[in-house]
Amino acid sequence: MIRLHNVSKTYFKSPVKAVDDLSLEVKPGEIFGFLGPNGAGKSTTIKIITGILTPDSGTVEINGVNLADDPIAAKSLVGYVPDNHEMYDALKGIEYLQFVGTMYGVRAADLKRKIDEYAALFELTDAIPDMIGSYSHGMKQKLSVIAALVHDPKVWILDEPLTGLDPQSAYQLKTLMRKQAEAGNTVFFSSHVIDVVEKVCDRIGIINHGKLVAVDTLDNIRADGKVSLESLFLTITSKNERQDAPDDASDDGEGK
Amino acid sequence: MKYLALVKLLFVQQYKVRSAVATRSGKKRLGSAALYLVLGVCFVPLFVAVAVAMYYMGKVSDGNVYVATFLTLICQSLVLMFGVHAVISNVFVVRDADRLLYLPIRSHVIFLAKLTVAYLNEVITTAVTAIVVLLPFGIGAGAGVAYYLMLLAALVLLPMLPMLAGTFVAMPISALVTLFGKNSAVKTILRIVLYVAIMALYMYAMYSFGFLTGSSGGNNFLDDPEKYIADTIGDFALNLQNVMPYFHSDYMLMQSMLATNFAQWAAGFACALAENAALLGLVFAVSLPFYRKMLASSVEGSGARGKNKNGGYVVKQRGTVREFMLTDLKRTVRDAQIGFQSFAGIIMTPVIVVILYFLMGTADSGETSFLELMQISPLYQMIAPLIILVYMTFLGCSTNVLGLYPISRENKSAFILKSLPVPFSKILLSKVLLATAVMVLSDFVTCILIVALFGVKWYIGIVMLAVMILVGFGAMCLTTLLDLKNPRFGWDNFNQGLKNAKNSWIAMLIALLAGVALTVCSVPFVVVFAILDSVYLTIAMWAVDLGVSAAFAAVSYKIMTGKAAKYFERIEV
Ligand SMILES: Nc1ncnc2c1ncn2[C@@H]1O[C@H](COP(=O)(O)OP(=O)(O)OP(=O)(O)O)[C@@H](O)[C@H]1O
Ligand SMILES: [Mg+2]
């Protein structure tokens, strides 16, 4: 379970609120899709949930553990797949997994079993003894996914996990997300690919200019018959754009 | 023009690193100003001393062209020492290849732009050395206006020779490293050893030109100091006469700078220009093919892929701190730039001890050496270790790169640290332990050499080691905290982006202040020792020094652990 309560964040060097008074609850057993245009604040929200950024105000709870009060316990519950691939290039894949596993306190035998299982699933077994620096984009992505799963996280958070994956791996990843949810865990992921979101998610949230502008179950949206998720997304985000148009304070440049 | 745009981009880019925390600009500027002021107060006396020496050099030698050439060579050797990294890291370590290669620019233009950036950096260093060395020399020699005008031309021309030497040093190192180092850790070690070996060789050559040949000419310093100095410099110039013309471009430049008539000036200048142009051509012709090769291999990656087809993998059970240190060590050693910077210190400080020994210890034929003469004095065991200690602490602190940039080193992957469910105190502990281990290793070797070469008593050596480690540890805690307070991410070039940035200066400053403090604490004992000659004074002095450095280490550690976690939390990645 993830619970955000009135979370706001402004980067030091930026005049805009990257996340603006955002409240949200994602239940166990749920796959939550997080949508929004570039620079809307998806990655920022995710970094706040994973404890990478400290919010200016508001609280974050992971499975009832307050992130600010007990960051170590809260972080142990989370598995995080980042959107960038700045990993430890000078390490071998296995060394990175060993590192992450040890940091999350996974016992060696369990770690080995997990690595074997997931590496086989993503066809990475051969590459794991190699340097990460020699990996392709997709291979790094898969390694991140494996690294985020070795400790059996209760909450799995993925930032644009499907970019760069081949169809097989994307399928495996989607299946894994479903499996995690069925096991009662929480899955939270951001994406630009509306088709995927539509297929995989139970519930979606749309963020624009740091504000959560819509949250609903896909069933409700589908029940509405006429509007597709795509047109919903487009109308919501562009409507917002028009409101903000006069002061036009935000640039939608990528933060990275 | 593409070339100019590229030069500008690369030049600006090398200093551009992202600050990851908020700093109120007013406060920051005040802090920087204070830093530079203190730095100035500390280093200006050194510069002034050198400048005054150069002034006399010019005066006594009456603007001797061989002496002047020798001095330019000294300047150039300094430029080389500090600049050869820049050449290697700017030109041959091609980290930005994937961002440059797709541009519609020919690779030789990129190469030329990179070479230009390296050159510009060296012009800056040359300017500094010229102000301290050549300017006062000219004043001392009573040179005319032309000399000072020519000094500007010299700034442009002088970096050529170090550039050439730098590329010649960089290329075999890079080539040998690629040839023999399959493993990236081995590569780093190889690179360090080769670099130090070449530098030592070079220093030795310079030294043998200058000093080995000097003889005092039968005069005694104490009888007539001025005559003694004049004679020595005269002899020195005479000796240089045989060697300096081999450095023809410098020799010609100096001849034109010190020219007394137009013809002499024109001939010298024309010659210097032509020769330096030829040097530039040579640099370019020799290193372009090499650059292309490095470029190709950098895009292809480390080549490790697919090598381990047969091997499986093992997972080990380790403690958090141990695993963290191991991972950090692997990442550092395997990174070409950081590895080199971090571990070169281990060899560098001991090598400097050896060089010092040669400088002081070599006897003129038949006579006892300066060092041996000094060792006879009972004060030697009191003063020498102290001076060496202060100097070595200074070196040790500023070469301990692992302790200077523990967080900035993480660069773009710093977010990983922040997402881990590990208390920051453990991460900090691992980083401090790793940096300390490297420092202890370096200090240990240094102290063994000091005991062996300088005849310092072994038990004093042990105390020195303890003091060095304690001071080094204290300084490292402070620089670690500093790096945490304002880490820099997003750099491509560790050398330019970080190594030469503020922290290194601050480390030197801290070490310098620590050295001053140690000296202040010790001098009273030395003075009393000179009168009383009691072994208890030696013991008391080292006890005080040990106590002071231990207190410094403890206080710094306390300050660091008190604030580190808070600073870490503020970092935005
Ligand atoms: N490190 C940073 N420093 C300053 N501002 C940042 C930083 N990272 C992001 N921002 C700003 O915060 C806002 C939200 O960025 P964020 O990365 O969360 O967007 P996003 O929704 O993930 O976009 P995308 O879909 O492109 O990944 C943007 O306005 C961006 O400019
Ligand atoms: Mg994003």
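Residue numbering restarts at 1 for every chain, and letters A, B, ... go by the order of the sequence lines. Heavy-atom basis, side chains included; hydrogens, waters and symmetry copies ignored.
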Query raised in the report: CE/A:Met103 to CD1/B:Ile416 distance, rounded to the nearest 0.5 angstrom?
Result: 11.5 Å

**Report entry** Inter-residue atom distance B:Tyr313.OH - A:Ile115.CD1, 0.5 Å rounding
**Finding:** 6.0 Å

Report task. Apply the test side-chain hydrogen bond (donor to acceptor under 3.5 Å, both in side chains) to residues A:Tyr88 and B:Asp328: give CA-CA distance (whole Å), side-chain angles for both, the deciding distance (0.1 Å), then the verdict. Result -> CA-CA 10 Å; A:Tyr88 294 164; B:Asp328 212 12; over 6 Å; no

Backbone N/O of [Y] and side chain of [X]: donor-acceptor pair under 3.5 Å:
X	Y	result
A:Lys75	B:Lys418	yes
A:Lys47	B:Val573	yes
B:Glu569	A:Thr54	no

Less than 4.5 Å to any heavy atom of chain B: does that hold for the side chain of [X], its backbone, both, or neither?
X	value
A:Val78	neither
A:Ile52	both
A:Asp89	neither
A:Lys9	side chain

Requested in this report: Could you please spell out the steps behind the side chain to side chain contact (heavy atoms under 4.5 Å, CB included) verdict for B:Val314 and A:Ile94?
Outcome: CA-CA 8 Å; B:Val314 278; A:Ile94 181 64; over 6 Å; no

**Report entry** side chain to side chain contact (heavy atoms under 4.5 Å, CB included) evaluation trace for B:Phe415 with A:Thr50
**Finding:** CA-CA 10 Å; B:Phe415 72 91; A:Thr50 49; over 6 Å; no

Query raised in the report: Can you find a heavy atom in the side chain of A:Leu91 that is under 4.5 Å from one in the side chain of B:Lys330?
Result: yes

**Report entry** B:Leu420 side chain reached by A:Tyr104 side chain, heavy atoms, under 4.5 Å
**Finding:** yes

Query raised in the report: Out of B:Arg318, B:Lys316, B:Arg331, B:Arg334, which one pairs with A:Glu95 under the salt bridge (Lys or Arg N to Asp or Glu O under 4.0 Å) rule?
Result: B:Arg334

Query raised in the report: How are the rings of B:Phe324 and A:Phe99 set to each other: parallel, tilted or perpendicular (split at 30° and 60°)?
Result: tilted

